[in-house]
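Presented below is the structure to which this report refers.
Just so it is clear, the values below take in all heavy atoms, side chains as well, and ignore hydrogens, waters and symmetry mates.
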Amino acid sequence: MKNPTFDSFLALMDEVARAFGKLLRRSVHTVGAMSWPAIMLSCVAIALMLTIVPLALFLFLLFMAIKLIVASIAIGARRGKATPYRDAKDKEE
């Protein structure tokens, strides 16, 4: 395995920048070729993804936390109070 140097890091960053630029140019070309209704529909779809997906994840985590809290309270109540260890001789008393 070769030792990484600052030059190899710069070469990697240059390659990443070129790939990102190519992606950006293709995206601009694709949006430029789209009709106005298609652009509006894609904007609405992106807006829904940015709002609905995080909301659904948050609500899932919230209800899962509530379920765990309620279950821990119910299990603790069902088990009853913790009793100290007692020997078999103590039961006769």
Other members of the hydrophobic cluster containing [X], with the 4.5 Å side-chain heavy-atom rule, please.
{"X": "Leu57", "value": "Val53"}
{"X": "Leu55", "value": "Phe58, Leu59, Leu62, Phe63, Ile66, Val70"}
{"X": "Leu23", "value": "none"}

Side-chain atoms of residues 38-45: list all donor-acceptor pairs with protein atoms under 3.5 Å, sequence neighbours left out, distances to 0.1 Å.
| unit_1 | atom_1 | unit_2 | atom_2 | d |
| --- | --- | --- | --- | --- |
| Ser42 | OG | Ala38 | O | 3.2 |
| Ser42 | OG | Ile39 | O | 2.8 |

Contacts satisfying salt bridge (charged side-chain N to carboxylate O under 4.0 Å, His left out) that involve residues 19-28 (not counting sequence neighbours) are none

N/O donor-acceptor pairs under 3.5 Å from side chains in residues 12-21, not counting sequence neighbours:
| unit_1 | atom_1 | unit_2 | atom_2 | d |
| --- | --- | --- | --- | --- |
| Asp14 | OD2 | Arg18 | NE | 3.2 |

